[in-house]
There are 2 protein chains.
Amino acid sequence: MDKRILNNYFHSLFPIEKEIVQNITKTFKHFQLDKNTILLAKNKISTKTYFLEHGYMRSYILNEDNEEITTNIYTAPCFVNDFLSFFKQQPTKETYQTLSDCSFLETSLENVQTNFHNLPEFREFSRLLFVINYSKLNDRMIEMVSQKAKTRYLNLLKQNPHVFQNVSLKIIASYLGVTDSSLSRIRKNVSKM
Amino acid sequence: MDKRILNNYFHSLFPIEKEIVQNITKTFKHFQLDKNTILLAKNKISTKTYFLEHGYMRSYILNEDNEEITTNIYTAPCFVNDFLSFFKQQPTKETYQTLSDCSFLETSLENVQTNFHNLPEFREFSRLLFVINYSKLNDRMIEMVSQKAKTRYLNLLKQNPHVFQNVSLKIIASYLGVTDSSLSRIRKNVSKM
DNA sequence: ATCAGCACTTGACAAATGACAAGAAATTAC
DNA sequence: GTAATTTCTTGTCATTTGTCAAGTGCTGAT
């Protein structure tokens with residue numbers, strides 16, 4: 001099976017030898033999911049690390065009014081991993097759902113552990129992945145507390161314009177922390193400038 | 001020097017042998033800072049991992065209007081680490097400042113790397129620290145987008161009441177993502193219930 | 001002891017966003 | 001192809017939060 005996208009992802013983050021990457025990625029297995037399918041449901045324990053090769057996904061929670069709050073939007077290629085559930089083997093708080101037809105590669109916790117403890121390069125890679133994810137989340141948090149909705153919308157539009165062709169505005173609205181009617185008004189306001 | 005608090009912190013997170021913890025913590029060095037001192041300034045490259053043994057700290061950024069936005073409040077005992085700056089050796093976006101007299105333990109990137117690659121238990125510990133920090137940040141982000149200011153205030157009051165005795169309301173307000181006048185009104189409203 | 005500055009509160013008003021409802025447009029199911 | 005469902009927009013009004021300015025009281029420097 002073709003693992004070029006996954007292999008390239010390793011090389012893009014970090015100088016690492018081709019053979020080592022192939023050694024790491026050989027345990028990853030391909031699979032596909034249709035649009036609007038649950039990859040990992042709330043309260044389940046995550047047993048895999050997923051690499052999203054093609055497509056769009058999101059994670060979401062239900063608030064006290066049973067409304068879905070989108071906590072993250074994933075654009076391929078990227079890793080999709082519920083860190084807390086996967087590494088501490090405890091139930092997820094979030095549900096992970098495809099937003100388009102998606103193709104994935106997955107590997108087990110056992111394989112991750114073997115590589116983590118045996119391959120110094122994989123250790124460095126996984127730590128770097130944590131650092132990058134943490135930093136992205138921190139940036140988003142800062143944006144949420146210090147910018148208004150219109151700025152957050154414009155930033156997303158600039159950084160990830162393709163999301164708007166692939167993800168419904170309702171989902172994008174909750175990701176931006178506003179209602180769908182507010183987002184609609186913001187878009188109207190932006191378009192006439 | 002007494003490293004009981006640091007050693008206990010390791011044991012509290014994770015089942016790990018006493019000798020291994022002592023081996024890890026032996027490279028940590030004590031130091032102290034007065035209230036309102038900069039531990040790590042914006043645009044500097046972090047060279048140390050810090051463990052806050054006693055006291056309160058915060059990290060903050062300046063927004064476009066040159067107002068300080070508190071991005072995190074640290075309550076001892078805990079690790080204080082700018083992951084991106086420390087592990088990627090790039091300039092920080094945030095400034096780290098003490099909010100009370102503080103005592104710290106610090107160790108260098110070289111020591112962290114040695115332990116990370118030589119001690120399986122330390123690898124597991126550092127990954128767990130990442131997982132916990134990521135998860136906390138994610139919870140806070142969800143709270144920010146889905147709860148209103150009053151709820152966020154009440155949650156902080158419940159989870160960390162001591163912060164209110166040690167950190168000014170102005171700083172807590174910006175941490176909660178509201179202005180200090182709003183927080184003042186929220187407190188007034190809460191107190192008369 | 002005094003003065004300057006800071007933290008906190010409060011008032012009046014403005015701006016941003018939410019809640020709800022209705023209708024148009026797009027998508028999906030059969 | 002048609003009906004049902006969902007998405008998106010828009011209107012009205014309420015609520016939340018911000019902005020600005022003033023006033024009080026505390027604290028720290030000299």
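Letters A, B, ... mirror the listed sequences (proteins, then strands); counts begin at 1.
Between Thr179(A) and dT17(C) there is no side-chain N or O to OP1 or OP2 distance below 4.0 Å. For Lys188(B), a side-chain nitrogen or oxygen approaches OP1 or OP2 of dG11(C) to under 4.0 Å. Phosphate contact (OP1/OP2 of dT17(C), side-chain N/O of Ser182(A), threshold under 4.0 Å): absent.
The aromatic rings of Phe125(B) and Phe10(B) lie parallel to each other, with less than 30° between the two planes, well short of the 60° mark.
Between the CD1 atom of Ile69(A) and the P atom of dG18(C) there is a distance of 10 Å, given to the nearest Å. Remark: C1' of dC20(C) and CG of Asp65(A) are 14 Å apart, rounded to the nearest angstrom. Rounded to an integer number of Å, the gap from CG of Asn189(B) to C1' of dT16(D) is 11 Å. The distance from atom NZ of Lys35(B) to atom C1' of dG28(D) is 11 Å, rounded to the nearest whole Å. The distance between atom CG of Leu154(A) and atom P of dA16(C), rounded to the nearest whole Å, is 13 Å. One interatomic measurement links the two molecules: OH of Tyr153(B) to P of dT16(D), which rounds to 17 Å at whole-angstrom precision. In this structure, Ile186(B) atom CD1 and dT10(C) atom C1' are separated by 15 Å, rounded to whole Å. Atom CD1 of Ile172(A) and atom P of dT6(D) are 19 Å apart (whole Å).
Under the 4.5 Å side-chain heavy-atom criterion for grouping Ile, Leu, Val, Met, Phe, Trp and Tyr, Leu105(A) is not connected to Tyr50(A) through any hydrophobic cluster.
Under the 6.0 Å distance and 45° angle rule, Arg58(B) does not count as a cation-pi partner of Tyr175(B).
Less than 6.0 angstrom separates the ring centroid of Tyr153(A) from the ring centroid of Phe164(A).
Across the interface with DNA chain D, nearest-nucleotide mapping of Val167(A) and Lys148(B) shows Val167(A) to be the residue nearer the 5′ end. Residue order along DNA chain D, read from the 5' end via each residue's closest nucleotide, puts Ser184(A) first among Leu183(B) and Ser184(A).
Of all nucleotides listed (dT10(D), dC8(C), dT10(C)), dT10(C) comes nearest to the side chain of Arg185(B). Nearest to the side chain of Val178(B), among dT7(D), dT17(D), dT10(D), sits dT17(D). When the nucleotides dT17(D), dA7(C), dT28(C) are ranked by their closest atom to the side chain of Ala149(B), dT17(D) comes out on top.
Look at Glu124(B) and Arg127(B) and you find a salt bridge, because one of the NZ, NE, NH1 or NH2 atoms lies within 4.0 Å of a carboxylate O, short of that distance.
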